[in-house]
Protein chains: 2
Amino acid sequence: MDLRQVEIFYYVAQHRSFSKAAAALSLTQPTVSGHIKALEAALNLVLFDRLGRDVRLTHAGEILYGHAKRLVDTKQAALQGIEELRDGLRGELVLGGSSIPGQYVLPRILGQFQPQYPGISIALHITDTMETLDRVVRGDLELGIVGAQVAHAHVAHTPFVEDELVLAVSASHPWADLASVSMDALTTVPFIQRERGSGSRLVVEHALADAGLPPAHLRVMAEMGTTEAIKQGIKAGLGVSIMSSLALEDECKAGSICTVAIERLSIRRHFSVIRHTGRALSPLAQTFETFLQTLTPLSLTLQDTPSHAPTA
Amino acid sequence: MDLRQVEIFYYVAQHRSFSKAAAALSLTQPTVSGHIKALEAALNLVLFDRLGRDVRLTHAGEILYGHAKRLVDTKQAALQGIEELRDGLRGELVLGGSSIPGQYVLPRILGQFQPQYPGISIALHITDTMETLDRVVRGDLELGIVGAQVAHAHVAHTPFVEDELVLAVSASHPWADLASVSMDALTTVPFIQRERGSGSRLVVEHALADAGLPPAHLRVMAEMGTTEAIKQGIKAGLGVSIMSSLALEDECKAGSICTVAIERLSIRRHFSVIRHTGRALSPLAQTFETFLQTLTPLSLTLQDTPSHAPTA
DNA sequence: GTCGCTTACGTCTAACGTAACGATG
DNA sequence: CATCGTTACGTTAGACGTAAGCGAC
């Protein structure tokens, strides 16, 4: 049974006329005749009584009519669903982000993106860089945004907005009012670092090592799983840390944490958008990726990114 | 969007493999490839991620999969519905019958027919011959069984079981014990006849007229709308009547009404199955018509048709 | 090298249109 | 005779198969 035939049957049944159905379908009347004939032959049923100029459904035709209506409706619903999907108007955008991008960057971006597509839903999985990468590889996430360049076959990295990692100290710390401290000074104070697997930690260790300060020289007094925990540790006077300036916005404003420059050291990184090269992106994900590319770093910093120097 | 493509897509999605889907569909693998390619082009969407030897649905593919499943299921349901319909296993058999066939013949036949098709329902409309004919013409009834040959363009008559119209008198009537009476005697007793439009009345009038007894010569003392009313009239001693032997079964057995032969007159008729020549019969009606044809008059008379001579 | 999807190409069915025919009112 | 469905036939698109190509493990 061919859907085309069923569709034509549906039109004929509705119009009670072969010729009117043909007109409605932009076909010629013999074509409609042929399809109905073929359908009747395929089903081995007579579907219409041809009564002079009147065409009526037979009992069998009425049964088929109900099924035909359901088929045509289902097809229509499918086409509409696909249409909306293709336009990125519907669907679920499944994203992943490591902690800093996931907590401080993506929420702002999604806040701009979602209002443009009221029909969509967004799932944002915030884990760490490694886990995000794994999920992209498995296909659980369409796109990930991570804070470190982690290579993997089948995974493409696209550089994204820039981030600066800064030295953060408690407002009551002796360094709080200094313009800058030397790199060597870092080894003299208790240091709090992120857990292994964190992109931030990777970047910090690389940057310090490149500048001639092996990570082992730091007086690491604590290793914490989240940036939030580290901030609490800093405020409690446990130690200092180097973290994304993005995470310090509120604390700088509030004056509870101050950032201090490190002499001759600027730790900058790009966040990366990662995706599986072997998998196709959903239209919605494509739309989002395009949206990301139109975002200049400016449009992010424009909204309340803390200035480098603490306000307090 | 072609249903064939969707169906093939559905198989590929289920098997997570083009080649396995091809095998399941008895197609070659390139054919399946081609269909998926065409579908992806038609929808302007990538439906599968081809990951080496693994094939996975994209997000768009998953959306389509839901629709595809509904489409395939709907098609399947339609085919099954049609199948059952064609086999006459389901549906409604809409019949009409004039009073005698409708009340005394069809119930017996339907009692044999329906148990063979548990899924069907039967609507039996009992009116008179003319009304039954009209309804067949209008298409409200697929088949009618009437007691007289009434010609109409587009209506075909098929002779059915034979019926005998007999003289019925009350058990207390002077004629009750006679073997027969003369035709002329009929004009000497009060006569009860059926209403206009009745096939029985038509047949009786024709038969008497043919035998030389104009209907006007009867001493008609009552005209009643139903056979049942006439039987009550006979039992009450209002008069005699000529009616179908089929309607007298119980009364003869009970001894309340006796049948008497009329000399040199036997009034026989065939019931006719009528149908519209311009309309197709539903498979169920076809099945029923075939069933009717296999019924010999014997199989009807076999079950308790009253003997011509009264038992009492 | 093997497995599995894609591409290329040839065949053949069938979808469609045009034109002629036929029946109904 | 006008309208509407059917039949006949020619054209073209596409469904399918075979064979070769190609990337991944």
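Because the structure is predicted, anything quoted here is derived from the model rather than measured. Hydrogens, waters and symmetry mates are skipped; everything else that's a heavy atom, side chains included, is used. Below, chain A is the first sequence line, B the second, and so on; all start at residue 1.
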Going from CD1 on B/Ile36 to CD1 on B/Ile8, what distance comes out if it is rounded to the nearest 0.5 angstrom?
-> 7.0 Å

Whole Å only: how far is the CD atom of B/Gln5 from the C1' atom of D/dA15?
-> 10 Å

Report the residue (A/Arg16 or B/Ser26) whose heavy-atom-nearest nucleotide on DNA chain D is the more 5′ of the two.
-> A/Arg16

Can you check side chain to side chain donor-acceptor pair (under 3.5 Å) on A/Arg135 and A/Thr127, steps first, answer last?
-> CA-CA 10 Å; A/Arg135 292 190 183 185; A/Thr127 55; 5.1 Å; no

In whole angstroms, how far is the C1' atom of D/dC9 from the NZ atom of A/Lys37?
-> 15 Å

Nearest-nucleotide comparison on DNA chain D, the residue closer to the 5′ end among B/Asp2 and A/Gly34 = A/Gly34

A/Arg138, CZ: over 12 other non-hydrogen atoms inside 6.0 angstrom | yes

Taking CZ from A/Arg56 and P from D/dG5, how many angstroms apart are they, rounded to a whole number?
-> 14 Å

B/His206, NE2: over 12 other non-hydrogen atoms inside 6.0 angstrom | no

How close or far is atom C1' of D/dA15 from atom CG of B/Leu27, stated in whole angstroms?
-> 9 Å

Quickly work out the A/Asp49 CG to D/dT6 P distance and round it to whole Å.
-> 12 Å

Is the B/Tyr10 ring parallel, tilted or perpendicular to the B/Tyr65 ring (thresholds 30°, 60°)?
-> parallel

Using a 4.0 Å heavy-atom cut-off across all strands, classify B/Leu51 as base, sugar-phosphate, or nothing.
-> nothing

What nucleic acid atoms does A/Arg50 come within less than 4.0 Å of, heavy atoms only: base, sugar-phosphate, or nothing?
-> sugar-phosphate

Going from CG on A/Leu39 to CD1 on B/Ile82, what distance comes out if it is rounded to the nearest 0.5 angstrom?
-> 8.0 Å

Just the endpoints, please: which first and last nucleotides of DNA chain C, 5' to 3', lie under 4.0 Å from a heavy atom of chain B?
-> C/dT2 to C/dT7

Within a strict 4.5 Å, meaning less than it, do heavy atoms of the A/Leu110 and A/Leu95 side chains meet?
-> yes

What is the ring orientation for B/Phe113 with B/Tyr117, classed by angle as parallel under 30°, tilted 30 to 60°, or perpendicular over 60°?
-> tilted

Under-4.0 Å side-chain N/O to phosphate OP1/OP2 contact, A/Ser33 with D/dT6 = yes

Is the phosphate of D/dC16, meaning OP1 or OP2, less than 4.0 Å from a side-chain N or O of B/Thr31?
-> no

Identify whether any heavy atom of B/Ser19 sits under 4.0 Å from a base atom; if not, whether one sits that close to sugar-phosphate; answer base, sugar-phosphate or nothing.
-> sugar-phosphate

Quick note, A/Gln29 side chain, CB onward, closest among D/dT18, D/dT6, D/dC25 is D/dT6

From NE2 of A/His15 across to C1' of D/dG5 the rounded distance in Å is 17 Å

Rounded distance in Å - NE2 (B/His35) to C1' (D/dG14) = 9 Å

First encountered from the 5' end of DNA chain C, between A/Pro30 and B/His154 = A/Pro30

Protein-nucleotide distance (B/Leu3, atom CG; D/dA15, atom P), rounded to Å = 12 Å

For B/Val32, which contact category applies under a 4.0 Å heavy-atom criterion: base, sugar-phosphate, or nothing?
-> nothing

